[in-house]
Amino acid sequence: MAKIKAGVLGATGNVGQRFIEMLSEHPWFELTSLAASDRSAGKKYGEAASWRLESKIPEEVSDMTVVPVDPKKVDADIVFSALPTDLAKTVEPEFAKAGFAVASNASALRMVKDIPLVIPEVNPEHLGLIDVQQDNRKWDGYVVTNPNCTTIMMTVTLKPLMKFGIEKIYLASMQAISGAGYDGVASMAILDNVIPYIDKEEEKVETETKKLLGEFNGSEIVDAPFAVSASCNRVMVMDGHTEAVWVEMADNPSTEDIKQAFLEFDPGLSDLPTEPAPVIEVKEEKDRPQPRMDRNLGGGMTVSVGRIRPGIRYICMGHNTIRGAAGASVLNAELLKKMGKL
Ligand SMILES: NC(=O)C1=CN([C@@H]2O[C@H](COP(=O)(O)OP(=O)(O)OC[C@H]3O[C@@H](n4cnc5c(N)ncnc54)[C@H](OP(=O)(O)O)[C@@H]3O)[C@@H](O)[C@H]2O)C=CC1
Ligand SMILES: N[C@@H](CC(=O)OP(=O)(O)O)C(=O)O
């Protein structure tokens, strides 16, 4: 099978490097274009990027020449976007207009009415919005987005609880510093500290969750009717967002019902190369999940849950730059391929 040509926009950045790590030996995609700013364009990728992952920079990638973020300079069928949000807002539509499929990790277009916001295990049917989007905008290509990293971990765990009639959700997050990018949080600010503020994070969690768990009625998404209330905090962890979640449900399920719902959760996507097994891992130990111990489960794609208590209260945790960022876009792209959209 010929591989699908894939480009990365923002390839030199934190999330861009995760995309490269996940795509360089992907069975369905082949990296054909790496795009970044004018500071990097024209250089070999190995010179332009300060590689910061523990894995080695793939040799063939190191020798590729970085191109500008310009649809005419990018050779690909699909582009994975890890661009800063302000730039993504204008650039991603340009790529879609030029005929590319855009799998975006940026927040810019997530809440736009005709742009799908998707987690494959949660709301694959929302990809029906692609036809609406192409009709509205007369684009040959399209944009599909994945949610914010904090939203993703919680929403994956909420999906199997929808059958109990969710009425209200509260979340308190403990978010890793890698979520803010390499230069995002000064070491003097985070060492020996917790910062109880992450710009716009709470609003994103509160709105994105309702769109993700909403219903696609053939022309638009009708938001889920429950309320979400979030408090987001930055903690001194390198990778892995930990979240304390409280869920009020009409059916008043027991902790055993909740545990069974997590254990039985099977979205039927095991044919996608990046789909982890299990999607949700239930930790029995009284002090888990923990980011350092559990973030790499399922190649960083599994969401771990534990401490399920009456209320219902539980803790969930997942790798923020894999499940919460690059891996989320790659999984979306795999689903698009499976659906014949690539
Ligand atoms: N799903 C999620 O929750 C997450 C999403 N993100 C999102 O992913 C995106 C990338 O984040 P991150 O990797 O941390 O950011 P970085 O700052 O590490 O990387 C930014 C990338 O964009 C490129 N870039 C910057 N300015 C321009 C420009 N003017 N023109 C073209 N390219 C440019 C940079 O190129 P150069 O090196 O040449 O400057 C670099 O490749 C953001 O939108 C962020 O919010 C991030 C983490 C998690
Ligand atoms: N704000 C997130 C990461 C991020 O970039 O989110 P978003 O993609 O919604 O901008 C964090 O700091 O952990």
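Here the structure is a predicted model, which means the values were calculated and not measured. Atom set for the values below is all heavy atoms of this structure, side chains included, hydrogens, waters and symmetry mates excluded. Order of appearance sets the numbers: ligands from 1, and atoms from 1 within every ligand.
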Which residue owns the protein heavy atom closest to atom 4 (C) of ligand 2, what's the atom, and how far is it?
G179 O, 3.9 Å
Proximity flag T150 to ligand 2, non-hydrogen atoms under 4.0 Å
no
Close-contact set for ligand 1 against N146 heavy atoms, below 4.0 Å:
1 (N)
Relative to the heavy atoms of G324, which atoms of ligand 1 are at a distance of less than 4.0 Å?
1 (N), 2 (C), 3 (O)
of all protein heavy atoms, closest to atom 1 (N) of ligand 2 is E201 OE1, 2.6 Å
Is E167 reaching over with its side chain to a backbone N or O of M249, donor-acceptor style, under 3.5 angstrom?
no
Angle class for the F29/F80 ring planes (parallel below 30°, perpendicular above 60°, tilted otherwise)?
perpendicular
Note the single closest protein heavy atom to atom 8 (O) of ligand 2, along with its residue, its atom name and the distance in Å.
R110 NH2, 2.7 Å
Using a strict cut-off of 4.0 Å, indicate which atoms of ligand 1 neighbour a heavy atom of S40.
36 (P), 37 (O), 38 (O)
Which atoms of ligand 1 are found less than 4.0 Å from any heavy atom of N14?
12 (P), 13 (O), 14 (O), 18 (O)
A82 near ligand 1 by a heavy-atom separation under 4.0 Å
yes
Only one of E208, E203, E92 clears salt bridge (charged side-chain N to carboxylate O under 4.0 Å, His left out) with R110; which?
E208
Does S107 reach ligand 1, in the sense of a heavy atom lying below 4.0 Å from it?
no
So is L83 polar-close to ligand 1, meaning N/O to N/O under 3.5 Å?
yes
Heavy-atom pairs closer than 4.0 Å: do any link ligand 1 to the side chain of R110, the backbone, both, or neither?
side chain
Heavy atom of P147 under 4.0 Å from ligand 1?
yes
I'd like to check whether I198 has a polar contact with ligand 2, where a contact means an N/O of the residue lying under 3.5 Å from an N/O of the ligand.
no
When distances are taken from atom 6 (O) of ligand 2, the protein heavy atom at minimum range is N148 ND2, 3.3 Å
When only distance counts, is V15 in polar contact with ligand 1, meaning an N/O pair under 3.5 Å?
yes
At a 4.0 Å threshold, what atoms of ligand 1 neighbour a non-hydrogen atom of T12?
34 (C), 35 (O), 36 (P), 37 (O), 38 (O), 40 (C), 41 (O)
Do the rings of F262 and Y314 sit parallel, tilted or perpendicular, given the 30° and 60° boundaries?
perpendicular
Atoms of ligand 1 less than 4.0 Å from L87 heavy atoms?
27 (C), 28 (C), 29 (N), 30 (N), 31 (C), 32 (N), 33 (C)
Counting only heavy atoms, tell me which of K204, Q175, R234 gets closest to atom 12 (O) of ligand 2.
R234
Nitrogen or oxygen atoms of A35 and ligand 1 under 3.5 Å apart
no
Nitrogen or oxygen atoms of T85 and ligand 2 under 3.5 Å apart:
no
Ligand 1 atoms in contact with N148 (distance to a heavy atom under 4.0 Å):
3 (O)
I'd like to check atom 36 (P) of ligand 1 in this structure: does the protein have a heavy atom lying under 4.0 Å from it?
yes
So, does T321 sit close enough to ligand 1 that a heavy atom of it is under 4.0 Å from the ligand?
no
Polar atom proximity, G10 to ligand 1 (N or O, under 3.5 Å)
yes
Look only at the side chain of N148 and the backbone of T150, and say whether a donor-acceptor pair between them is shorter than 3.5 Å.
yes
